[in-house]
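Written below as structure tokens is the structure these notes are about.
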Protein chains: 2
Amino acid sequence: MPESDLPDIRGLHLFEEMSDEHFRALMRGSYVQNFPPQIELIEEGDPSDFLHIVLSGSVELFSSWNGRETSMATVRPVSTFILAATIKDAPYLMSGRTLEKSRIALIPSQDVRAVFDIDAKFARAIVTELAQCYRSVVKNTKDLKLRTSLERLSNFLLRQQKYSGGGAEFDLPLEKRRLASVLGMTPENLSRAFKALQSYGVKVTGNRVAISDQKDLERFAKPSPLIDDYST
Amino acid sequence: MPESDLPDIRGLHLFEEMSDEHFRALMRGSYVQNFPPQIELIEEGDPSDFLHIVLSGSVELFSSWNGRETSMATVRPVSTFILAATIKDAPYLMSGRTLEKSRIALIPSQDVRAVFDIDAKFARAIVTELAQCYRSVVKNTKDLKLRTSLERLSNFLLRQQKYSGGGAEFDLPLEKRRLASVLGMTPENLSRAFKALQSYGVKVTGNRVAISDQKDLERFAKPSPLIDDYST
DNA sequence: TCATCTGCTTGATAAATGTCAATCGTTAAC
DNA sequence: GTTAACGATTGACATTTATCAAGCAGATGA
């Protein structure tokens, strides 16, 4: 583990408050690796030997069943993934692959569990992080079960707009076919959904999205903090 | 809080390992209440003042948006709910109502957070519980995104069968219209799905389900431990 | 016993979504 | 510069799912 990567990791909520000694102990057994794009880092069902941290690049978490595949989440720097599997010492529920050239830190799961037991600050941080993850997935479930694909897309655009600073124009941060998978629909359906949103003042050219009638789109999308607010 | 309720609560994984002193401290501010059926205990969006424990009866967790409603989970004795909201001191993401006459224990959220910080065993238990909850929701998301409603129903039946002891016949533990909502479909669609499963040897009379050709149903349902196994 | 209620089922129809195949447009390699 | 590759789009069509309305059946209560 190169010294230069430590500050990034230390800066994560998860490791921010813990003692220096315990942090060093965690890092001792860890290492950092660079991966090219489209490399499968973990496969669902595998034992969870490492807690992963994306230092740069991005990682897609996805799941498969019966020949179908769906995108579950995108992990961007700097954050961890598969924390729950690490804590429970249970198999991964999702696979993970790099989307681009990425730098990943790997911390042995058993070290995470060991330090958890002796560092109350670290324990507190893990609980907060897990609770956050849990609530995100619950919101996602509500999005899937309560909304049509057109409504999901509208609210995704509003969230993305907010995240990009709130301006009338912004870029989609992922390929459309991956967006379709994230939203639980086919690329063809997404393409038609974009077209349908034209009547609410949404114009899409490539990855660029322009919202000309904010109020109108919001009236249709009906965003709710209990589904769309990532922070709480 | 009556003395007679303490053993049930103490027996929960969550409270099993913690010190007697801290357990008593938690219980001191808590109380127990009996509710009739169909009473709304919590409403999504409310601040999370109490961690709830179902001592008897059952509670449905559900969510609403734009006039629609969906059933998220059923909580049966003896277990807790809305742990994540309590930990994060964030608003509830789901509403909860009693399905039948129920006995509920209420523990002030701030006490839970306070004891968490001073009792490592309790902290460990909370993390394990949260990780479990998180993984359950992830599995549910996979179920929703990767399977058709007929496949979801089939796998639900296989899970329920296993849970009921594995025999060829068992009872549905909930109303069909609620089951439909849990599976993310309409009651009409569920009714037709049951009929479609007749060709795989599933017979339903009232709440009674009989599976005459186990292998055939499994061949269709393709259950996967990474979606359908609740224990891991 | 009868009436009523409620949940379940059924049929007809509509809407949403997926599939398949072809085409377009951009990118990237040669 | 040309060509190949790939993602996005479009059209035609099939499937899945929802909606609406009506009927049915077991439970409840007078």
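Within every chain, numbering begins at 1; the chains are lettered A, B, ... in the order of the sequence lines, protein sequences first and strands thereafter.
- Between the S71(B) side chain and the L179(B) main chain, no donor and acceptor come within less than 3.5 Å of each other.
- Ring planes of F50(A) and Y31(A): perpendicular class, angle over 60° (limits at 30 and 60°).
- The salt bridge (Lys or Arg N to Asp or Glu O under 4.0 Å) test applied to R152(A) returns no partner, not counting sequence neighbours.
- Where DNA chain D meets chain A (any atom under 4.0 Å from a heavy atom), the bounding nucleotides read 5' to 3' are dG7(D) to dA12(D).
- For Y92(B), there are no ring-ring contact (aromatic ring centres under 6.0 Å, His included) partners two or more places apart in sequence or in a different chain.
- For S212(A) (side chain) and G201(A) (main-chain N/O), a donor-acceptor pair under 3.5 Å exists by modelled atom type.
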How does protein reach along nucleotides 7-19 of chain C, written 5' to 3' as B (base within reach of a heavy atom under 4.0 Å), S (only sugar-phosphate), or - (no contact)? SSSBBB----SSB

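- Partners of Y163(A) according to the ring-ring contact (aromatic ring centres under 6.0 Å, His included) rule, which considers only residues two or more places apart in sequence or in another chain, do not exist here.
- Legend: residues meeting salt bridge (Lys or Arg N to Asp or Glu O under 4.0 Å) with D171(A), ordered by chain and number and at least two apart, are R208(A).
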